[in-house]
Amino acid sequence: MKKTAFITGATSGIGKCTAILFALKGFNLVLCGRRQDRLEALKKELGKEVQVHTLNFDVRNKEAVMEAVASLPEEFKEIDILINNAGNAHGLDPIQDGNTDDWDSMLDINVKGLLYVSKALIPQMVERKSGHIINIGSTAGKEVYPKGNVYCASKHAVDAINQGMRIDLNPYGIRVGAVNPGLVETEFSTVRFKGDEERAENVYKGFEPLKPEDIADVIHFVVTRPYHVNIADLIIMPTAQASSTILNKSESI
Ligand code: NDP
Ligand code: 8X3
């Protein structure tokens with residue numbers, strides 16, 4: 001029987017590439033995001049290969065999250081794999097200049113949103129005594145870099161939540177692990193810099209960044225290990241990156 005994966009943030013970047021790869025590999029999909037046109041396009045494209053259901057909600061809205069999960073049709077109710085991926089950075093400012101709306105966005109989406117979606121889906125995993133939760137953290141959840149303050153805090157929180165989930169869900173045989181990417185070229189920097197494409201593109205100039213496909217590949221590896229194998233925590237960086245602040249940039253690339 002095909003497994004069902006529930007992916008948040010499936011309309012772009014890492015989530016979208018994971019959805020595409022999972023469809024190719026035969027997973028049924030519940031795809032989430034706020035951009036309806038993109039959800040519909042994905043359903044049309046991937047629905048040719050597997051069963052796809054889309055859910056449009058903002059992870060910040062607790063009621064909307066619970067209602068969306070409750071609305072799942074019978075054939076999508078049993079979720080085998082939850083990929084907590086929705087999230088972004090908003091702004092890159094020293095703490096003294098930080099925008100409080102940006103802080104709210106990052107903590108509400110990256111931390112509380114992840115918790116709400118998990119809260120909605122974990123009970124059925126506990127009841128079945130099986131399931132797999134993959135939390136998309138970041139190198140920013142392992143170290144703090146200049147001006148990264150609150151985004152790094154949100155991803156450090158994901159790291160702690162990932163560990164806490166693994167401990168609390170251990171008696172129920174549920175696998176929990178984090179995938180922590182370094183620099184991946186997606187819409188991430190466009191969102192961080194509020195639509196300033198030139199500034200966003202500059203982040204990935206002079207070195208070869210990860211592609212969202214690279215992370216999708218790792219996520220697929222994680223979910224396809226035998227059930228007794230749980231990949232608890234992975235860090236993936238571009239070869240040119242040694243840490244959040246050490247990047248081998250060469251003008252020739
Ligand atoms: P993208 O901006 O390309 O994708 C972000 C996804 O999150 C979109 O599908 C977006 O969908 C969704 N999303 C954002 N806010 C909300 C919200 N309030 N409610 C519901 N969905 C939301 O970025 P990435 O693919 O790069 O990011 C995915 C994850 O990877 C994030 O958690 C990010 O922190 C993490 N990450 C990214 C790295 C990078 O360098 N790119 C490195 C390390 C980690 P929509 O707008 O349609 O709602
Ligand atoms: C995304 C990677 O270095 O921009 O989480 O924070 S970084």
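Both backbone and side-chain heavy atoms feed into the values below; hydrogens, waters and symmetry mates do not. Atoms within each ligand, like the ligands themselves, are counted from 1 in listed order.
- Ser12 OG, 2.5 Å is the protein heavy atom nearest to atom 3 (O) of ligand 1.
- Proximity of Ser189 to ligand 1, defined as any heavy-atom pair under 4.0 Å, is not found for any part of the residue.
- The closest protein non-hydrogen atom to atom 6 (C) of ligand 1 is Gly9 CA, 3.7 Å.
- With hydrogens left out, the protein atom closest to atom 43 (C) of ligand 1 is Pro181 O, 3.1 Å, a heavy atom.
- Proximity to Ala140 (heavy-atom distance under 4.0 Å) selects the following atoms of ligand 2: 6 (O).
- Looking at ligand 2, you won't find any N or O of Thr139 less than 3.5 Å from one of its N or O atoms.
- Between Lys142 and Asp233 a salt bridge is recorded (basic side-chain N to carboxylate O distance below 4.0 Å).
- Here Arg38 has no heavy atoms under 4.0 Å from ligand 1, in either its backbone or its side chain.
- The salt bridge (charged side-chain N to carboxylate O under 4.0 Å, His left out) with Asp102 is formed by just one residue from the set Lys147, Lys194, Arg192; it is Lys194.
- At a threshold of 4.0 Å, the pair Arg35-Glu187 counts as salt-bridged, since one of the basic side-chain nitrogens sits closer than that to a carboxylate oxygen.
- In this structure a side-chain-to-backbone donor-acceptor pair under 3.5 Å is present from Tyr227 to Gly173.
- A tilted orientation is assigned to the rings of Phe6 and Phe57, their planes being inclined by 30° to 60°.
- Below 4.0 Å from some heavy atom of Tyr151 lie the following atoms of ligand 2, by number and element: 1 (C), 5 (O), 6 (O).
- With Arg175 contributing its side chain and Ala232 its backbone, the two residues share no donor-acceptor pair below 3.5 Å.
- Listed by number with element, the atoms of ligand 1 under 4.0 angstrom from any heavy atom of Val184 are 39 (C), 40 (O), 41 (N).
- Here is the list of ligand 2 atoms found below 4.0 Å of a heavy atom in Tyr145: 3 (O), 4 (O), 6 (O), 7 (S).
- For ligand 1, the atoms lying closer than 4.0 Å to a non-hydrogen atom of Phe57 are 19 (N), 20 (C).
- Near Ser138, meaning under 4.0 Å from any of its heavy atoms, are these atoms of ligand 2: 1 (C), 2 (C), 5 (O).
- With a 4.0 Å cut-off on non-hydrogen atoms, Arg192 touches ligand 2 through its side chain and not its backbone.
- A donor-acceptor pair shorter than 3.5 Å can be found between the side chains of Asn84 and Ser118.
- The aromatic rings of His220 and Phe22 sit perpendicular to each other, their planes meeting at more than 60°, with 30° as the lower class boundary.
- Here the protein heavy atom with the shortest distance to atom 10 (C) of ligand 1 is Thr11 OG1, 3.8 Å.
- For atom 15 (N) of ligand 1, the closest non-hydrogen atom on the protein side is Arg34 NH2, 3.2 Å.
- For ligand 1, the polar-atom distance check finds no N/O of Ser138 at less than 3.5 Å from any of the ligand's N/O atoms.
- In this structure the side chain of Glu198 reaches within 4.5 angstrom of the side chain of Asp196, judged on heavy atoms.
- Counting the atoms of ligand 1 from 1 in the order shown, those under 4.0 Å from a heavy atom of Tyr151 are 33 (C), 34 (O), 36 (N), 44 (C).
- Each of the atoms 8 (C), 10 (C), 11 (O), 45 (P), 46 (O), 47 (O) of ligand 1 lies under 4.0 Å from some heavy atom of Arg35.
- A donor and an acceptor atom, one from each side chain of Asn88 and Asn110, are nowhere located under 3.5 Å apart.
- One finds a salt bridge joining Glu78 and Arg128 here, because a Lys/Arg side-chain nitrogen approaches an Asp/Glu carboxylate oxygen to under 4.0 Å.
- Taking a 4.0 Å cut-off on heavy atoms, Ala89 fails to register as neighbouring ligand 1.
- At under 3.5 Å, not a single nitrogen or oxygen of Ser244, backbone or side chain, sits near a nitrogen or oxygen of ligand 2.
- Every atom of ligand 1 with a heavy atom of Leu183 under 4.0 Å away is listed here by number and element: 40 (O).
- Comparing heavy-atom distances from atom 27 (O) of ligand 1 across Gly13, Gly87, Pro238 singles out Gly87 as nearest.
- Among protein heavy atoms, atom 4 (O) of ligand 2 sits closest to Phe188 CE2, 3.5 Å.
- With a 4.0 Å heavy-atom cut-off, ligand 1 is reached by the backbone of Asn85 and by its side chain too.
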